[in-house]
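Have a look at the structure below, then the notes.
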Amino acid sequence: MGIQGQILEITVVGCQKLKDTEWISRQDPYVCLEYGGTRHRTRTCTDGGKNPTFQEKFMFTLIEGLRDVKVAVWNSNTLTTDDFIGNATIPLQKVLSQGYEDCTWTLQTKTGRYGGEVRLIMHFEGAKKHDYTTGPSAPPYTSHGPQVPPYSAAPPHLPASAPSPYASPPPPPYSVPPPYPQYPPTGYPPASAYAPQPSAYPPPPPSAYPPAPSAYPPAPSAYPPAPSAYPPSYPPPAYPPQASPYYPPPGPYPGQYPPPPY
């Protein structure tokens with residue numbers, strides 16, 4: 001199916017990083033489109049500078065065999081001729097095959113240098129719609145080795161009437177599970193149930209012997225007793241101590257015996 005006579009829609013969004021052709025004031029750029037002798041021009045973006053915005057839509061009637069659009073950007077002048085900023089040739093293969101394209105194209109100056117970028121959005125309603133649901137499906141995956149019979153089929157060496165060893169065993173017959181045992185209603189048992197039961201054995205008789213004394217004296221303490229913080233509670237003696245009948249000790253005293261000879 002050809003494209004002759006069908007409509008192509010092009011929207012000029014804007015430009016960015018344009019070459020500045022003005023020395024004093026800001027430049028006033030505009031965009032021109034040409035296809036098969038048909039030309040369209042956007043409005044002039046006053047003081048647009050290097051990044052003008054247009055957002056203008058144009059319609060072109062397609063011609064069979066012509067698959068590109070020419071675009072050029074100019075700077076509008078009042079007293080002198082307009083200044084050329086850059087141009088580009090845009091191919092239409094993608095938009096004619098997919099029906100939509102949003103892309104930014106690079107502009108070139110007369111000397112072939114970088115002149116900026118222009119963004120265009122193109123629509124084509126006559127693009128072929130691919131139906132991915134009716135396409136051939138991928139063949140099922142098969143191994144290159146011998147084909148293994150399905151689990152439900154019997155091996156070749158067994159008769160058809162023999163049970164298949166690959167088949168799963170039949171499920172056990174359904175049986176009703178036994179009911180849960182019926183317990184009597186819970187309640188508190190009588191108090192006698194918790195009383196201590198008498199022992200069947202008599203208590204052991206008391207020991208007839210006193211505990212054996214220890215063979216070792218108690219070990220002395222390694223630390224002295226701590227001094228008490230309070231005075232003793234008993235009162236001091238009421239009378240002075242009596243003289244001992246044995247005082248003074250017996251023995252020779254001076255005057256009892258004569259002195260020894262010299």
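Throughout, residue positions are numbered sequentially from 1 according to the sequence presented.
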For Cys15 and Val73 the tightest heavy-atom approach is SG-CG2, 4.1 Å
Q.
Any side-chain to backbone donor/acceptor pair from Asp102 onto Ile121? Under 3.5 Å, distance only.
A. no
Within a strict 4.5 Å, meaning less than it, do heavy atoms of the Val71 and Trp105 side chains meet? no
Tightest non-hydrogen contact, residues Trp74 and Ala72, listed as NE1-CB, 3.7 Å
In terms of heavy-atom contacts, Ile85 and Gly115 come closest through CG2-O, 3.8 Å
**Study point:** Side chains of Lys70 and Leu33 in contact at under 4.5 Å (non-hydrogen atoms)
**Key:** no
**Asked** Is Thr11 close to Leu120 at the side-chain level, that is, under 4.5 Å between some pair of heavy atoms?
**Response** no
Inset, instruction - Check whether any side-chain N or O of Tyr100 sits under 3.5 Å from a backbone N or O of Lys94 as a donor-acceptor pair, and report yes or no. - result: no
Nearest heavy-atom approach of Asp82 to Tyr30 is OD2-OH, 2.6 Å
Donor-acceptor pair, Gln4 side chain versus Glu64 backbone, under 3.5 Å? yes
query = Do Phe124 and Glu9 come close enough that some side-chain heavy atom pair is under 4.5 Å?
reply = no
Worksheet item: Counting N and O atoms only, with roles assigned by atom type, does the side chain of Gln27 sit under 3.5 Å from a partner on the main chain of Lys19, one being a donor and the other an acceptor?
Response: yes
Could you tell me whether Glu34 and Arg39 make a salt bridge, using a distance below 4.0 angstrom between a side-chain N and a carboxylate O? yes
task: Please report the C-alpha distance between Asp68 and Tyr35 in whole Å, then the side-chain angles of each, then the deciding distance to 0.1 Å, and finally whether the side chain to side chain contact (heavy atoms under 4.5 Å, CB included) criterion is met.
output: CA-CA 7 Å; Asp68 53 46; Tyr35 176 79; 5.6 Å; no
For this session: Using the side chain to side chain donor-acceptor pair (under 3.5 Å) rule, take Gln108 and Asn87 through it: C-alpha gap first, then chi angles, then the decisive distance, then the call.
Result: CA-CA 6 Å; Gln108 292 184 354; Asn87 64 352; over 6 Å; no
Check your understanding: Given side chains that start at C-beta, do those of Val118 and Thr104 come closer than 4.5 Å, heavy atoms only?
Key -> no
Which of Val95, Leu96, Ile10, Ile90 passes side-chain contact (heavy atoms from CB on, under 4.5 Å) with Glu101? It is Val95
Sequence neighbours excluded and cut-off under 3.5 Å, please list the side-chain donor-acceptor pairs for residues 44-63, or say none.
from  : atom 1 : to    : atom 2 : distance (Å)
Thr44 : OG1    : Arg41 : NH2    : 3.0
Asn51 : OD1    : Lys17 : N      : 3.0
Glu56 : OE2    : Arg43 : N      : 2.9

**Message:** With a 4.0 Å cut-off on N to O distance, would you call Arg26 and Asp20 a salt bridge?
**Reply:** no
Correct closest heavy-atom pair for Ile3 and Arg67 would be CD1-NE, 3.4 Å
To the nearest 0.5 Å, atom OG1 of Thr21 lies from atom CG of Asp28 at 9.0 Å
Exercise for review: Evaluate the side chain to side chain donor-acceptor pair (under 3.5 Å) criterion for residues Asp83 and Asn77: first the C-alpha distance (whole Å), next the side-chain angles of each, then the deciding distance (0.1 Å), finally the verdict.
Suggested key: CA-CA 7 Å; Asp83 300 323; Asn77 292 323; 3.0 Å; yes
